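To keep things clear, I will list the structure first and then write my remarks on it.
Only heavy atoms go into these numbers, but all of them, side chains included; no hydrogens, no water, no symmetry mates. These numbers were taken from a predicted model, which means no experiment stands behind them.
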Amino acid sequence: MIEHREQANRILEHFVELLDIPPHYYELAKRRYESLAEWFHREASSIAQFDPAVYPQGSFRLGTVIRPLSDAEEYDLDLVSVLTLLSKADLSQADLKRLVGEEVRAYAQAKGVKEPVAEKKRCWRLDYADEVRFHMDILPAIPDDKAFKRLLVRQGIPAEQADHALAITDKTRPNYTLISDDWPRSNPRGYALWFEERMKVVARQRQLALVEKRAYASVDDVPAYEWKTPLQRAIQILKRHRDVMFRDKPELKPISIIISTLSAEAYEGEADLFSALSNILDRMPGLIQTQEPRVPNPVDPAEDFADKWKDDPQLEQSFRAWHQQACADARRLAGTIGTRGLADLAETGFGIDVPDERCRALAGEADAPRAAPSIVVGSAPRPWRRNG
């Protein structure tokens, strides 16, 4: 059984190598949002006086990005734009959205971006074409009230996480155009700190190794995407499995924030990928609450990441069906799996085409040289067209 688990771990590690993105994609994303931040701070900027801060949220911040299923899909680079010197007493959500939107449009025009800037419910979308194809979703925000941050601390949220709480815009809210205390809330930076805390001990060795290689000056300088912990890898595997399972019904697929939150809650410092994945799947159902909030935000307990389940029961049913299938596929990896069985699981479960000789090696049927794998659905992203 131990031998089978070691084999399963090798297979999963191989899958992750294929699903992961090159480090320079993260560096490119960083250059893009730093470029936007510089634009916001330029002398002629209409919002520079409010000390804007721009930083990533979501999978790019957490180090859990995976390659898209096809060339037609783009990478999502989710950003937050915080006007740090403004408060709810100064303007409405609509005013804030407009202020940031004007500068995003000016940036797009100055950089020769051909696609028009699109207004979404909460953010502005900028389709940027460069070496890698992605779109930037820019969420306008201001710091939330000190009173609310104190409330979070009283509810057990560490002050260093609660302090990053934000008020954000949502054009579907009734008081969107009014100056009001009632704004939607978010805390992506606090969430990232919580997520990193869940894996910090396991990441320590990797961080120290990078510092010793002089890739980074200190442990604190090592970004999360470089940690490559079993938790991050397990989430990448689970997200890919979900994408393949709901390829034809993307509107029903479990959202990434639920998968990431439940995975991080379930993770108990397992040192290898298969153990982490198996235990996360085992513990997931017990972490879903029977009453609202069903999947609470760990840095804002009143927010429910599964709030849409109540209005659309199919979403919870889809999550349960996906979880059941993910458990079944994990068990298949832990059992005796031959070359053909591995090739079938890689293709049907993860959209991966593993060459026969590599399958034989991973299945323990023969020694074979390492071969470059490929993806069944789509391929590695093509070089981007350049705008301008």
Side-chain angles (χ1 to χ4, degrees), residues 21-22 24-61 65 67-68 70-86 90-143 166-173 176-177 183-184 186 188-189 223 225 256 381-388:
I21 65 172
H24 74 268
Y25 284 22
Y26 284 102
E27 293 301 320
L28 177 62
K30 181 181 179 182
R31 290 199 298 272
R32 287 298 161 229
Y33 68 75
E34 287 180 345
S35 172
L36 184 64
E38 290 173 1
W39 179 264
F40 285 173
H41 278 277
R42 78 193 192 286
E43 186 175 350
S45 169
S46 62
I47 60 176
Q49 60 184 312
F50 306 124
D51 192 21
V54 179
Y55 54 83
Q57 62 173 327
S59 58
F60 269 93
R61 176 65 176 83
V65 182
R67 294 177 184 269
S70 73
D71 289 337
E73 299 180 52
E74 300 178 340
Y75 290 97
D76 299 328
L77 176 55
D78 296 320
L79 305 178
V80 183
S81 173
V82 187
L83 303 191
T84 61
L85 298 183
L86 288 176
D90 297 319
L91 75 177
S92 68
Q93 296 175 52
D95 294 331
L96 176 62
K97 189 85 171 290
R98 175 184 52 78
L99 282 172
V100 174
E102 288 174 353
E103 285 300 327
V104 172
R105 289 194 180 97
Y107 174 84
Q109 183 176 8
K111 300 299 180 180
V113 178
K114 296 179 180 178
E115 294 295 327
V117 174
E119 182 179 7
K120 301 298 182 180
K121 183 175 77 168
R122 292 188 169 188
C123 67
W124 296 100
R125 176 165 294 179
L126 178 62
D127 282 302
Y128 210 105
D130 209 312
E131 294 95 315
V132 183
R133 186 177 181 181
F134 63 77
H135 62 254
M136 296 194 298
D137 282 346
I138 304 152
L139 176 70
I142 57 176
L166 301 174
I168 62 174
T169 66
D170 185 336
K171 67 179 184 180
T172 65
R173 290 294 184 99
Y176 177 67
T177 61
W183 287 48
S186 186
R189 182 166 276 177
Y225 71 81
S256 294
R382 297 168 296 184
W384 288 6
R385 65 188 184 280
R386 290 187 179 273
N387 287 326

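Once rounded to the nearest 0.5 Å, the distance linking CH2 of Trp183 with OG of Ser92 reads 6.5 Å. Distance OH/Tyr176 to CG/Asp95: 9.0 Å, rounded to 0.5 Å. Here Thr169 contributes atom OG1 and Leu99 contributes atom CG; the two are 11.0 Å apart, rounded to the nearest 0.5 Å.
Put simply, the side chain of Pro143 reaches to within 4.5 Å of the side chain of Val82, judged on heavy atoms. In this structure, Lys171 and Glu119 have side chains that are in contact, with non-hydrogen atoms separated by less than 4.5 Å. In this structure the side chain of Pro116 never reaches within 4.5 angstrom of the side chain of Arg125, judged on heavy atoms. Side-chain contact between Ser45 and Trp39 is absent, with no heavy atoms from C-beta onward closer than 4.5 Å. Side-chain atoms of Leu166 and Leu139, non-hydrogen and from C-beta on, never get closer than 4.5 Å to each other. Using a 4.5 Å cut-off on side-chain heavy atoms (C-beta onward), Ser35 and Tyr107 make contact. Contact check for Asp76 versus Asp137: no side-chain heavy atoms found under the 4.5 Å cut-off. Looking at His135 and Tyr75, their side chains never come closer than 4.5 Å, going by heavy atoms from C-beta outward.
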List the steps, then state whether side chain to side chain contact (heavy atoms under 4.5 Å, CB included) holds for Trp124 with Val100.
CA-CA 8 Å; Trp124 296 100; Val100 174; 4.3 Å; yes
Evaluate the criterion side chain to side chain contact (heavy atoms under 4.5 Å, CB included) for residue pair Val104 and Met136; output intermediate values, then yes/no.
CA-CA 11 Å; Val104 172; Met136 296 194 298; over 6 Å; no
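Qualifying salt bridge (charged side-chain N to carboxylate O under 4.0 Å, His left out) partners for Glu38, counting only residues two or more places apart in sequence or in other chains: none. Annotation: salt bridge (charged side-chain N to carboxylate O under 4.0 Å, His left out) contacts of Asp78 (sequence neighbours excluded): none. Residues passing the side chain to side chain contact (heavy atoms under 4.5 Å, CB included) test with Asp170 are Gln93, Lys121, Arg122, Thr172, Arg173, Pro184, sequence neighbours excluded. With sequence neighbours excluded, the residues that form a ring-ring contact (aromatic ring centres under 6.0 Å, His included) with Phe60 are Tyr26. Scanning for salt bridge (charged side-chain N to carboxylate O under 4.0 Å, His left out) contacts around Glu27 gives an empty result, with sequence neighbours left out.
Taking all atoms of both residues into account, the shortest heavy-atom contact from Pro140 to Cys123 is CD-CA, 4.1 Å. Annotation for Ile142 and Leu96: closest pair CG2-CD2, 3.8 Å, computed over non-hydrogen atoms.
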Identify all side-chain donor-acceptor contacts of residues 46-57 below 3.5 Å with residues at least two apart in sequence or on another chain.
{"from": "Ser46", "atom 1": "OG", "to": "Glu103", "atom 2": "OE2", "distance (Å)": "2.8"}
{"from": "Asp51", "atom 1": "OD2", "to": "Thr84", "atom 2": "OG1", "distance (Å)": "3.3"}

